[in-house]
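The structure under discussion appears below in the form of structure tokens.
Given the structure is predicted, the values throughout are model-derived calculations rather than measurements.
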Amino acid sequence: MALKAINPTQTAAWQKLQAHFELMKGQHMQALFAQDAERAQKMHIEWQDFLLDYSKNIATEQTLNLLQELASEVDLKSAIEQYFAGELINQTENRAVLHTALRSEQTEPILVDGQDIMPEIVAVKAKMREFAQSIISGAHKGYTGKAIQTVVNIGIGGSDLGPAMLNEALKFYKNHLSVHFISNIDGDHVLELLKTLDPETTLFVIVSKTFTTQETLTNAQTIRSWFLQHATEPEVAKHFVAVSTNLQKVQEFGIASENIFPMWDWVGGRFSLWSAVGLSICLAVGPDHFEALLQGANQMDQHFKNTPFEQNMPVVMALLSIWYNNFYGAETEAMIPYNQYLQKLVPYLQQGIMESNGKRVGRDGQAVNYQTGTIVWGEPGTNAQHAFFQLIHQGTKLIPTDFIGFKKPLYGNKEHHDKLMSNFFAQTEALLMGRPEAPGLSPFKVFTGNKPTNTLLIEKLTPSSVGALIALYEHKLFVQGIIWNIYSYDQWGVELGKVLANGILKDIQTKELAPHDASTTFLLKKYLG
Ligand code: G6Q
């Protein structure tokens with residue numbers, strides 16, 4: 001069954017929210033806290049080792065009730081069921097969206113086109129485990145009989161960002177293998193890395209769902225040629241493996257079928273780190289930690305699927321985001337992990353969130369008449385405090401911000417951690433309370449406060465909590481896409497530039513320019529000298 005197409009602005013809840021917004025827009029959170037001493041007790045969710053405090057939002061119980069009414073009116077509940085059941089909710093590509101199946105522990109079948117996909121998932125996981133063990137233990141030897149020391153992931157977008165993010169996030173849990181990522185078609189990027197590599201001890205993992213991506217194939221060819229300057233053709237098998245849905249193209253590239261890790265159409269690139277796309281992570285942290293990552297995500301899936309909206313973390317976070325985006329007119333949202341291991345979390349989530357919900361046409365095929373797609377950005381704290389926080393505190397824009405922190409440091413350095421976390425708490429307090437005007441206080445030192453934040457306080461950074469954290473944001477964006485009545489799982493917006501680049505490459509190679517707009521023609525002439 002197709003997802004329902006309901007324009008959210010046509011719902012009764014939306015009208016009520018609009019009226020409610022008129023009452024709320026002049027409200028200061030300080031007054032809301034003053035009115036209700038129990039506010040933090042009421043406006044938080046505890047789930048496993050996660051705590052979400054959303055009391056520092058310009059929202060009351062009534063705001064939340066109306067937002068939940070909106071979720072019910074657009075039939076979020078059925079949409080969640082369709083998502084997990086493998087219905088073709090990526091309708092514009094005629095595909096299911098089943099990254100959740102990759103981490104599912106259920107024994108009942110999950111059907112795609114009438115076929116149970118669970119046995120294939122189990123088989124690929126077993127293959128990943130076996131391969132990872134042979135590389136980590138040194139049983140797998142390179143062409144001169146040495147064990148593998150270095151892994152290079154060659155992929156881009158969804159075939160790069162997730163593994164690259166996790167390679168940082170789970171650094172504490174890593175083994176001896178060093179892992180690198182080649183994504184950009186910028187040859188300088190590739191050649192800089194090649195300078196440091198030893199072909200005898202390096203494994204290359206080519207990751208491309210389609211195996212047609214210009215960047216990945218060009219980089220893989222360059223690296224293969226470099227490898228063949230040192231070794232022979234039959235030795236490629238010991239050093240190159242691939243992850244793809246396109247088995248034929250991988251074989252044409254020269255990778256033997258036993259070195260291919262399959263993936264499937266029902267996994268979107270930006271949600272694929274849970275599949276064999278995560279092979280470099282499975283290698284870096286070992287299969288047990290990789291499994292724990294999947295289990296953490298699966299637990300968040302269960303929470304999302306089975307918890308009433310008012311206690312449901314992804315739903316509450318999505319609804320608050322809609323409140324600011326669609327009623328307050330907030331242009332962006334920030335996300336600040338107080339954790340250096342999560343330095344790549346935001347760029348990773350930017351793809352998931354902005355590629356998924358950056359859509360202007362509703363599920364009814366009509367241009368929408370409201371804002372979709374939040375712009376998300378951020379950097380780890382406390383670094384961010386010394387960079388752009390000024391604008392969040394004293395700028396003219398409303399920037400709802402998620403603060404993500406952990407109760408325990410991994411190496412147990414209490415002095416550092418207490419300082420880190422005191423900043424974490426101080427910032428949300430400052431954003432809430434501000435510093436009011438006072439006699440003798442320079443106007444430049446006044447902070448209005450009333451800047452909304454969510455605080456996510458997690459026990460400890462582990463593979464499992466990182467898995468749950470990523471799944472939380474995956475489901476948040478799903479909820480928002482459902483409410484905005486858009487298709488979150490296609491990405492037609494990245495196609496046009498790719499097509500034009502192919503034409504321009506031909507122009508550059510032949511030095512004969514096809515017709516372009518005047519600016520592009522001018523620039524190409526300058527480039528060609
Ligand atoms: C993600 C996108 C995109 C994709 C890359 C790489 O959802 O579809 O980022 O992952 O374009 O594609 P391949 O894996 O097919 O090379």
**Message:** The test is salt bridge (charged side-chain N to carboxylate O under 4.0 Å, His left out); show your working for Lys16 and Glu69 and say whether it passes.
**Reply:** CA-CA 10 Å; Lys16 289 189 220 169; Glu69 256 181 67; 2.7 Å; yes
**Prompt:** Can you list the steps and then say if Lys407 with Asp49 is a salt bridge (charged side-chain N to carboxylate O under 4.0 Å, His left out)?
**Reply:** CA-CA 10 Å; Lys407 276 184 163 164; Asp49 54 2; over 6 Å; no
Pair up each side-chain donor or acceptor in residues 152-167 with any protein partner under 3.5 Å, not counting sequence neighbours, and list the distances.
| from | atom 1 | to | atom 2 | distance (Å) |
| --- | --- | --- | --- | --- |
| Asn153 | OD1 | Ser280 | OG | 3.4 |
| Asn153 | ND2 | Ser159 | O | 3.1 |
| Asn167 | OD1 | Lys174 | NZ | 2.9 |

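Panel note: side chain Asn219, backbone Glu215; a donor-acceptor pair is recorded below 3.5 Å. Side chain of Gln394 to backbone of Phe444: a donor-acceptor contact under 3.5 angstrom is found. Checking side-chain atoms of Thr428 against main-chain N and O of Phe425 turns up a donor-acceptor pair under 3.5 Å.
Trp266 is linked by a side-chain hydrogen bond (donor to acceptor under 3.5 Å, both in side chains) to nothing, counting only residues two or more places apart in sequence or in another chain.
Between Tyr411 and Phe172, a ring centre-to-centre spacing shorter than 6.0 Å is recorded. Separation of the His475 and Tyr83 ring centroids falls under the 6.0 Å cut-off.
Going from atom CG of Asn325 over to atom CG of Leu398 covers 11.0 Å, rounded to the nearest 0.5 Å.
The two atoms that bring Tyr489 and His99 nearest to each other are CE2-CE1, 4.3 Å, heavy atoms only.
In this structure, the side chains of Glu474 and Trp274 come closer than 4.5 Å at one or more pairs of heavy atoms. Counting heavy atoms from C-beta outward, Val494 and Glu355 have side chains that approach closer than 4.5 Å.
When Lys42, Arg39, Glu38, Met29 are each tested for a side chain to side chain contact (heavy atoms under 4.5 Å, CB included) with Ser55, only one passes: Arg39. In summary, of the residues considered (Trp484, Trp323, Phe327, Phe21), a ring pair (Phe, Tyr, Trp, His ring centres under 6.0 Å) with Trp14 occurs for Phe327 alone.
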